[in-house]
Each structure stands twice: as structure tokens, then as C-alpha cells.
**Q** 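This is the structure, below, for whatever I ask next.
In what follows, every heavy atom counts, from backbone to side chain, and hydrogens, waters and symmetry copies are set aside. Everything numeric here is computed off the predicted structure, so don't read it as measured data.
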Protein chains: 2
Amino acid sequence: MPRATLELVAARAGVSRQTVSNVLNSPQLVAAETAERVRAAIEELDYRPHLAARQLRTRRSHVLGLRVPPVVDGINGAVLDRFLHAVTEQAQERGYRILLYAAPDVDEVEIAQYDELLETADLDGFVLNNIRLGDTRTSWLTERGVPFVTFGRPWGAQGAHPWVDVDGAAGVRLATEHLLGLGHRRIALLGWPQDDVVGTDRRRGWVDAMTAAGWTEDQLLGMQTLQRDGVEVGVSATHRLLADVGPTAIVAVSDSLALGASVALRAVADPPAVIGFDDTPVAAAVDLSSVAQPLVEAAEHAVSLLLSRLDGDGTHLVEQHRLLTPHLVVRGSSRPPAR
Amino acid sequence: MPRATLELVAARAGVSRQTVSNVLNSPQLVAAETAERVRAAIEELDYRPHLAARQLRTRRSHVLGLRVPPVVDGINGAVLDRFLHAVTEQAQERGYRILLYAAPDVDEVEIAQYDELLETADLDGFVLNNIRLGDTRTSWLTERGVPFVTFGRPWGAQGAHPWVDVDGAAGVRLATEHLLGLGHRRIALLGWPQDDVVGTDRRRGWVDAMTAAGWTEDQLLGMQTLQRDGVEVGVSATHRLLADVGPTAIVAVSDSLALGASVALRAVADPPAVIGFDDTPVAAAVDLSSVAQPLVEAAEHAVSLLLSRLDGDGTHLVEQHRLLTPHLVVRGSSRPPAR
DNA sequence: GGCGAGGGTTTGATCGTTCCAAGGACTGGC
DNA sequence: GCCAGTCCTTGGAACGATCAAACCCTCGCC
């Protein structure tokens, strides 16, 4: 059976090409009766529009670009994994598809990819997921008027654009308050270095909850370690905390660090409670409490923001964004303090 | 600056459209000198062909379809994650891109997606990654002559098609021999149910290594548990093995099961050695030895097989396939037997 | 009764590429 | 000096959709 085209459908319904096209794209222009007849013809011939032809004319591909980042540690990769799935599903439901592209962690290379994809494939927009302070990718895209959303806030004062993010401070505050509620007082933090904006944000949740519980900022400075991410780092940092601080509970800004803590605590009698961040499979596997990001929700909003810009009625509210609140998944590592 | 087109480049180089097209697609048809001139013009105008236009004419999109499966357990998701990245990178290097589609675990729904993608987007081929015994998707694709590769063997006698897979039996044999080499004799297996072909294959590696070491098949039947995947299952099954078999080492057919074993063994003095399968981030995190699948290599071959069919010179060797051997990643859980 | 308005439909051109059949230049042989 | 053959180039048509403008009614109004 040959491919059904607009022409064929038109002939079958006894109308012109354009009318068939209108039935699909601008139904309000077509008389109800005619539309009905056309729809029947479409059905009979199992007609589906050829996207490349449409794209050639309209310069719209109905495809969104998404980067698959180089696999690094693997633990946090799981986060992206779920986000990826949710984004794909959301986009699909709304008539868009997701095209992957690989790029190393170098802005210029990634920008070259944008250029290529826009020029040759007419991508309609991008979803970025690991923006940094002073990111040159976002400004490049903004300058060119390319629609995009980021999963992650633009931390600097760089131009505004739509974004979705999860409130890290709120998440860590939740975790800390949960531990306070269990009766813990001396709660230490495994944080990231100060130049990391995400880590600094998450740390704030701990600071807020702890100061509300009576600690002073000065005291807290002595109850934390700020180091880069990693299981090994978590192990050594925890040993230090045990020696210097003697905490009854530890809050970590990542599951990697929290896992390191669990490992370090294995040999300890009456081990402190531990809570991680991201609710990765690893956390579930080792019975570690963790702060869970609402990734499906994040993906929904990301796609919504992007498509409202794309399909919107011109009133594109450029500065839209959404900050989501994570929730705490309580597991075995949420022990009450030893008496 | 307006978009550069073939026409524009042709004018600039003082030749016709077709000649420019030939320079790009059939260079052997064009005189060297002319080609040089054309290439210069392309360079100057920063010309890049518009894929939709090409696609409209040739019915080839240079895009491959890849499914993002529903996120289930998360531990094994990490495997797909790395595969995904590798496939994207490989495809990109060879001038193809990866388009994602989401589908639930229902063949008919997925097939409907194929139909849609082929008809509306001219996808050139598919990469499938979770084929089952008696899969209807592969036969549908085969019937229609749609190029595809699977990551995973077609276990049944169903029609042959290109595939790439990792030799699970070899992997488990490697693990078992490693343990034998450490001095273990009584090595138990945490397996999957018999109706699972992958699990059965992996089990065979254990059987082979163990019989070579002097055990009889009958004896081995008493040294295994065959259950579905999961951390919880691993915990309870391990308790049973400890009571009934008293092994000095345990080989598991997945990291989930192996992790369950590690958890169950935490309270045990002189715990048995444990080895998992898949080398997921979880394994690395808890210092668990594990069999690693060569995913990058698998992706390379998958893309190669698919593209040789697509770009090949007609001599498409339909029944190509590749079985890769995994390697063992030795970590702390590879303890020698307690004396 | 003629004229303008406007809803509904048709017509022809167009997007950028490749296919096709035919045209032109150059070489070598007689 | 002509012709065949080779090699390269050329212009027109086609892919399947949308855009823009023209067209044809019917209706209401003066």
C-alpha cells in the first residue's frame, strides 16, 4: 500500500489539499460537515502527515534536544536517568520528541552542537540539565532567541530564562528537622566546597534548621566538612567528624557522601544517624534515608515551560520558573540518638 | 545572515546545484579542481545541508530510534544509562542521531510506536535492548524489513537478526574461577528462576566452573537458590544458604541479589565472599566485586551492525552478531576463605 | 438591484534537497 | 577533421507539506 498523502486524502474526500491541512491544523476554518468527511477519509487511508515535509516548510521539527552527559560517577547518573524518561514521556504526550546529543563538558563544543542541530535539524528547543555559574551556553541560546529550559537555577545574575529546580535548602532542612525531631542535637554536615552553589544552597537548609534549634553560626562552622563529592571522601570526612565533633547524626548533601559515612560508621558502636540526598538506588539498597527530588514533576514543568513558549499564543512569559520542594524518604539509617 | 543553501553555494562556486550535491555525496563524480572550489565556497558560506529537505527526497532521516524503558528498580537502570550514552556517541560520530521514545512494557503499544515513527519520521532503524523469549517486536520489524539490532540474544528459535550480547555464562564462570583460585570450594549461587533465559545462561557459568572443580550436578542443585531479582530477595535467600549450605563464597547473577547477600552477611563472623553481576555503581559503592559488561564495546558493535546494514554496499550480512566477554572487577568482597 | 463583507474553499508558489535525462566539453582513434 | 566515447555538468521535476492570495458563494444593506 502506498503512503497516504494529503493529496490522496483530499481526492478521497472530494476537497483540496489545503482543506485537509486545515482540518488538522486550523479546524475552526473548516465547516463542520466538510471536516467530518475529511476525517473519515483520513481514517480510511490511515493517513499520517509526513513530518519532514512539514518541517521543510515551517522550519519547525517538533523535536527537542537533550544532552546525555558523559557518565562520571554513576551514582548520580541515576537521577538523570529518571528525569530523561519523564521528559521523554511528557514531550511525547504533547506531540514532541526528544533527540539526544553527546558532548563533552566543554561549553564551546556543546554550543557548536546547538548550532549544528539548529541549522540542520531545526530543533525547536533544548533542555539543559547541568548549568553552572556564569554558563556561556545559556547566554548563547538566549542571544539567538532559541527556546530552552534548564533543570537547575541560573545562579549568577545572568539573563533570566525559564527554569525548573528543586529546593535543596528545603530538602536538607527537612532532613535536619527530622533528625532534631528524633531527639538529635549535635548534627554534623557533610557538605561540598564553598564555591559550589548547589552545595552552598543545600548547606543553608542545615544552617537554618540548626540555628532555629539554638546553635550559633560560629558553632556550626566547627561541625561541618566541605569537600568535593565522592564515597572515599565521605569515609575520611566522617572519620574526622567522629574525632572532632562527636555527632549523634550526620546530614550529607549527596548520597555518595552519605554512603561514605555509612561505610565509615560500620565499625562504630552506636553509630550516628545518616541522611543522604537524591534518593538514588544506592540509598535504597543500603537502607539509607535520603532526600528525594520530585523528578517526574520537574520534568513535567520543564516540558510545560518550554512548550508554552513554543506553542504559546505569543504571550510567552519568558521569566517563568518553578522551584519544587523535595521530600524525605525515611529508612533504617534514621536512628534515634543512642542514650 | 540568511541560511546558506545549495543554490547559494553553487552560485558562489560558479557551478550548478547538482555539482555541489555531488561534492558532498558522490565526490568521485566531480573533478578534483572543481571540488576544491566548491569546498571553499561551502566553507565561506558556512553551508550545512538541511536534513529535512534531504529526508523528504531520499526517505532517509539518519535517525535511529531507542526506547527509554520505564524506570523500575534503578539499580540496573545504570546499565542502560551507560549503554545509552555510548550508543549516542557512536551514532553521532557516524552521522546519525538518536531519537527517544517511551513505551510501556506492552509489545503492541511499542509496535504502534514503530509504525508511527517509521511513517511520520522515516526512522532508519532501531536499537532494542530488552528482548524476551518469543518477542513479537522483532518479528514485526523483520517482516517489514526494518533494520534493527538488539542488545541481547534472540533466545528462541525466532528469525535471525543482528544482535550484540554479553556472555553471561563466561562472566559467572570468571567469577567462580576467581573464587576457586582464592581457595574456596563450597561456592553457592544466587540465581534467577529457571524460566529466565538470561539467568539460566549465567547459572551455567557457575555450573561449568564448579563441575570442573569436582562437584557433581546433583550436588550443585542443593547449593543454589533460584528466585526473582531484588535486594530483599537476596537477603532472605542468603540466610537460607547460610543455614542449609554453609558456603564460604556466594556468586550472584545480579548486583541486587549480591547486595542483599552483603547486607545479610553484615552480622556474620567470617562472612563468605560475594560477587555480583553488572558492576553497577552500587557495587562500586559498597566495595562489592562484580562482573562488568563491556557496554561501550557493546554499543560500538550495535551501531556498527546497524549501520553496516544501512550504509552498506548491499552485501548486508543479515545474520551478523557479536558475543562479548565481560571481565571481573575485583573489590573487597573477594575475601579468601576463613580458615 | 448592485455592492461590500466575510466565511469557506481552492489555486499556485515555495521550502532545500536529490533524481533523472539530456547537454556540453574534451579526448583519442581513424 | 570528424565521430564515438568518456567524463562532467546542467536544468527541470519531484518529495509532501504550508503559506498567501484569489476565488466563489451567500447574505445584508442601501
**Q** Does any donor atom in the side chain of T142(A) or S139(A) lie under 3.5 Å from an acceptor atom in the other side chain?
**A**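 Their side chains do not contain a donor-acceptor pair, so the 3.5 Å distance test is not met.
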**Q** Just N and O in the side chain of R59(B): are any of them under 4.0 Å from OP1 or OP2 of dG16(D)?
**A**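 For dG16(D), OP1 or OP2 has a side-chain N or O of R59(B) closer than 4.0 Å.
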**Q** Take the protein atom CD of E33(A) and the nucleotide atom P of dG7(C), then report the distance between them rounded to whole Å.
**A**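 The answer, rounded to whole Å, is 19 Å.
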**Q** I'd like to know if the side chain of R94(A) pairs up with that of S304(A) as donor and acceptor (distance under 3.5 Å, no hydrogens or angles considered).
**A** yes
**Q** Quiz question: by atom type and distance under 3.5 Å, do the side chains of E110(A) and Y114(A) form a donor-acceptor pair?
**A**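 Indeed, the side chains of E110(A) and Y114(A) share at least one donor-acceptor pair under 3.5 Å.
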**Q** Can you check the R60(A) CZ to dT18(D) P distance for me, whole Å?
**A** 13 Å
**Q** Atom CD of E119(A) and atom C1' of dG16(C): how far apart are they, to the nearest Å?
**A**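 Going from CD in E119(A) over to C1' in dG16(C) covers 12 Å.
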**Q** Tell me which donor-acceptor pairs under 3.5 Å the side chains of residues 63-71 of chain A have, and how far apart each pair is, sequence neighbours excluded?
**A**
{"residue": "R67(A)", "atom": "NE", "partner": "A103(A)", "partner atom": "O", "Å": "3.3"}
{"residue": "R67(A)", "atom": "NH2", "partner": "A103(A)", "partner atom": "O", "Å": "2.9"}
{"residue": "R67(A)", "atom": "NH2", "partner": "P104(A)", "partner atom": "O", "Å": "3.2"}
{"residue": "R67(A)", "atom": "NH2", "partner": "D105(A)", "partner atom": "OD1", "Å": "2.9"}

**Q** Rounded to the nearest angstrom, tell me the gap between atom CG in L24(A) and atom P in dG16(D).
**A** 16 Å
**Q** Starting at atom CG of D122(A), determine the distance to atom C1' of dC15(C), rounded to an integer number of angstrom.
**A** 10 Å
**Q** Using whole Å, report how far CG of L51(B) lies from P of dA17(D).
**A** 19 Å
**Q** Look at the side chain of R54(A) and decide which nucleotide, out of dA17(D), dC15(C), dT18(C), has an atom nearest to it.
**A** dA17(D)
**Q** For a quick test of reading the model: is some side-chain N or O of S21(A) closer than 4.0 Å to OP1 or OP2 of dT18(D)?
**A** yes
**Q** For T325(B) and D167(B), does a side-chain donor sit closer than 3.5 Å to a side-chain acceptor?
**A**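 Judged by distance alone, the side chains do not pair up.
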**Q** Atom CG of L56(B) and atom P of dT14(C): how far apart are they, to the nearest Å?
**A**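 Rounded to whole Å, this separation is 17 Å.
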**Q** Closest-nucleotide mapping onto DNA chain D: is A32(B) or R57(B) further toward the 5' terminus? I mean the 5' end.
**A**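 Its nearest nucleotide being more 5', the pick is A32(B).
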**Q** Please tabulate, one pair per line, each protein N/O and nucleotide N/O from nucleotides 9-12 of chain C that are separated by under 3.5 Å, including the distance.
**A**
{"residue": "dT9(C)", "atom": "OP1", "partner": "T34(A)", "partner atom": "OG1", "Å": "2.4"}
{"residue": "dT9(C)", "atom": "OP2", "partner": "A31(A)", "partner atom": "N", "Å": "3.0"}
{"residue": "dT10(C)", "atom": "OP2", "partner": "S16(A)", "partner atom": "N", "Å": "2.8"}
{"residue": "dT10(C)", "atom": "OP2", "partner": "S16(A)", "partner atom": "OG", "Å": "3.0"}
{"residue": "dT10(C)", "atom": "OP2", "partner": "T19(A)", "partner atom": "OG1", "Å": "2.8"}
{"residue": "dG12(C)", "atom": "N7", "partner": "R17(A)", "partner atom": "NH2", "Å": "3.4"}
{"residue": "dG12(C)", "atom": "O6", "partner": "R17(A)", "partner atom": "NH2", "Å": "2.9"}

**Q** Under a 4.5 Å cut-off applied to non-hydrogen side-chain atoms, are R37(A) and V15(A) in contact?
**A** yes
**Q** What is the distance from CZ of R3(A) to C1' of dA14(D), rounded to the nearest Å?
**A** 15 Å
**Q** Looking at CD1 of I131(A) and CZ of F148(A), how far apart are the two atoms once the value is rounded to the nearest 0.5 Å?
**A** 8.0 Å
